[in-house]
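The structure under discussion appears below in the form of structure tokens.
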2 protein chains.
Amino acid sequence: MRELTRAEEQVMQVLWKLKKGFVKDILEHFDDPKPAYNTISTIVRILQDKGFVDHKAYGRTHEYYPLVSKDDYSKSHLSNFVNDYFSNSFGKMVSFFAKENHISVKEMEEIMKIMQNEVKKQKSKK
Amino acid sequence: MRELTRAEEQVMQVLWKLKKGFVKDILEHFDDPKPAYNTISTIVRILQDKGFVDHKAYGRTHEYYPLVSKDDYSKSHLSNFVNDYFSNSFGKMVSFFAKENHISVKEMEEIMKIMQNEVKKQKSKK
DNA sequence: AAGATATAACGAAAAAATTAGTTATGCAAC
DNA sequence: GTTGCATAACTAATTTTTTCGTTATATCTT
């Protein structure tokens with residue numbers, strides 16, 4: 001999956017939040033100084049060309065919605081990152097951030113609980 | 001920390017691997033079709049302006065080396081990502097990827113071991 | 001020293017991304 | 001129906017990024 005450019009990503013973040021919206025709606029969710037209406041309109045059409053969004057037409061006005069979910073894009077992006085920076089090992093990445101204290105004890109305990117569950121689930125499959 | 005552009009990132013990846021190198025060395029590590037010598041030379045000088053690398057001069061030739069480590073860039077990049085896609089919670093991110101089966105049982109067991117250790121370490125600090 | 005070679009610096013062309021003005025069209029208000 | 005307004009499409013300007021030709025300079029070879 002292609003990576004989003006900076007401007008494209010900002011628009012996608014808004015659409016992911018809104019679920020769907022007209023250019024006007026997207027624009028509203030930008031901080032001041034807001035870009036021009038046409039700027040958003042252009043970007044959203046580029047996103048459509050790239051297959052990240054589609055639209056439903058009401059007469060002449062278009063309601064845009066994501067084709068690629070935030071989860072799917074996350075997955076793709078983080079997979080690339082893990083591949084490029086942690087030789088494709090999620091384990092290495094998580095260990096690194098755990099050791100660097102970017103994950104709190106509380107978070108680690110939560111993660112371990114979830115993992116224990118997942119491990120159990122995976123093993124019982126066999 | 002500023003994000004690297006695509007071309008810049010490729011050069012940084014090589015420099016991180018080499019630890020240090022002349023433009024010629026960096027060029028060698030590119031796949032065919034290799035870019036022009038001057039392309040790399042320009043990018044590495046841009047990286048220098050941005051503070052990602054510096055160089056040691058041997059007469060007229062420059063040996064470049066990273067000022068920003070791969071680890072530091074990873075941290076910055078992933079922090080941004082976690083902030084934008086998982087409301088700044090590493091726990092949420094890791095849980096998501098654990099549930100999506102992007103982390104193998106073996107990896108999860110390793111991660112849990114490391115986390116148990118970290119948790120113990122953190123708690124004994126008090 | 002003269003010529004060849006390698007390199008960085010410079011400059012600029014080309015490509016990609018961003019921003020927004022202009023235009024055309026449809027709908028709404030009157 | 002005419003006017004005004006909102007919108008998408010189109011176009012273009014600007015900025016950023018990427019690429020590389022040209023030039024100047026230092027070093028090496030002879």
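Lettering of chains follows the sequences in order, A, B, ..., and the numbering in each one begins at 1. Atoms considered below: every heavy atom in the structure, side chains included; atoms not considered: hydrogens, waters and symmetry mates. Remember, predicted model here, so these are calculated numbers, not experimental data.
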Discussion item. Determine whether B:Phe96 and B:Phe86 satisfy the following criterion, ring-ring contact (aromatic ring centres under 6.0 Å, His included), listing intermediate values before the conclusion.
Written reply: CA-CA 9 Å; B:Phe96 174 71; B:Phe86 292 93; 5.6 Å; yes
Between [atom2] on [N] and [atom1] on [X], what's the gap in Å once rounded to a whole number?
{"X": "B:Gln48", "N": "C:dA9", "atom1": "CD", "atom2": "P", "value": "8 Å"}
{"X": "A:Asp49", "N": "D:dC10", "atom1": "CG", "atom2": "P", "value": "11 Å"}
{"X": "B:Lys24", "N": "C:dA6", "atom1": "NZ", "atom2": "P", "value": "10 Å"}
{"X": "A:Leu47", "N": "C:dT18", "atom1": "CG", "atom2": "P", "value": "10 Å"}
{"X": "B:Ile26", "N": "C:dA6", "atom1": "CD1", "atom2": "P", "value": "18 Å"}
{"X": "A:His62", "N": "D:dC10", "atom1": "NE2", "atom2": "P", "value": "11 Å"}
{"X": "A:Asn38", "N": "D:dT11", "atom1": "CG", "atom2": "P", "value": "14 Å"}
{"X": "A:His55", "N": "D:dT7", "atom1": "NE2", "atom2": "P", "value": "15 Å"}

Worksheet item: Which of residues 3-22 of chain A have a heavy atom under 4.0 Å from DNA chain C?
Response: A:Thr5, A:Arg6, A:Ala7
Discussion item. At a heavy-atom distance below 4.0 Å, what parts of residues 28-36 of chain A sit against DNA chain C?
Written reply: A:Pro35, A:Ala36
Worksheet entry | side-chain contact (heavy atoms from CB on, under 4.5 Å) evaluation trace for A:Val14 with A:Asp25 | CA-CA 9 Å; A:Val14 175; A:Asp25 303 324; over 6 Å; no
Worksheet item: How about A:Tyr64 and A:Phe22: are their ring centroids closer than 6.0 Å?
Response: no
Item to complete: Return the set of residues passing salt bridge (Lys or Arg N to Asp or Glu O under 4.0 Å) with B:Glu118 (not counting sequence neighbours), or none when no residue passes.
Response: B:Lys121
Item to complete: Assess whether one donor atom and one acceptor atom, taken from the side chain of B:Ser41 and the base of D:dC20, lie less than 3.5 Å apart.
Response: no
Worksheet item: If you pin A:Arg45 and A:Arg2 to their nearest nucleotides in DNA chain C, which one's is more 5'?
Response: A:Arg2
Discussion item. Could you tell me if the side chain of A:Leu67 sits less than 4.5 Å from the side chain of A:Tyr65, heavy atoms only?
Written reply: yes
Fill in: Heavy-atom pair with the smallest gap, counting every atom of A:Lys50 and A:Thr5
NZ-CG2, 4.3 Å
Discussion item. Any side-chain N or O of B:Arg60 below 4.0 angstrom from OP1/OP2 of D:dT27?
Written reply: no
Worksheet item: Would you say a side-chain N or O of A:Thr61 is under 4.0 Å from OP1 or OP2 of D:dT7?
Response: no
Practice prompt. Using the six-membered ring of A:Tyr85, assess whether NZ or CZ of B:Lys70 lies under 6.0 Å from its centre and within 45 degrees of the ring axis.
Written response: yes
Practice prompt. With DNA chain D as reference, determine whether B:Lys50 or B:Thr42 sits nearer its 5' end, using the nearest nucleotide of each.
Written response: B:Lys50
Discussion item. B:Glu109 vs A:Lys123, test: salt bridge (charged side-chain N to carboxylate O under 4.0 Å, His left out). Steps then yes/no.
Written reply: CA-CA 12 Å; B:Glu109 283 169 343; A:Lys123 288 192 168 166; 2.9 Å; yes
Worksheet item: If you measure from CG on A:Asp54 to CZ on A:Phe52, what distance do you get to the nearest 0.5 Å?
Response: 13.5 Å
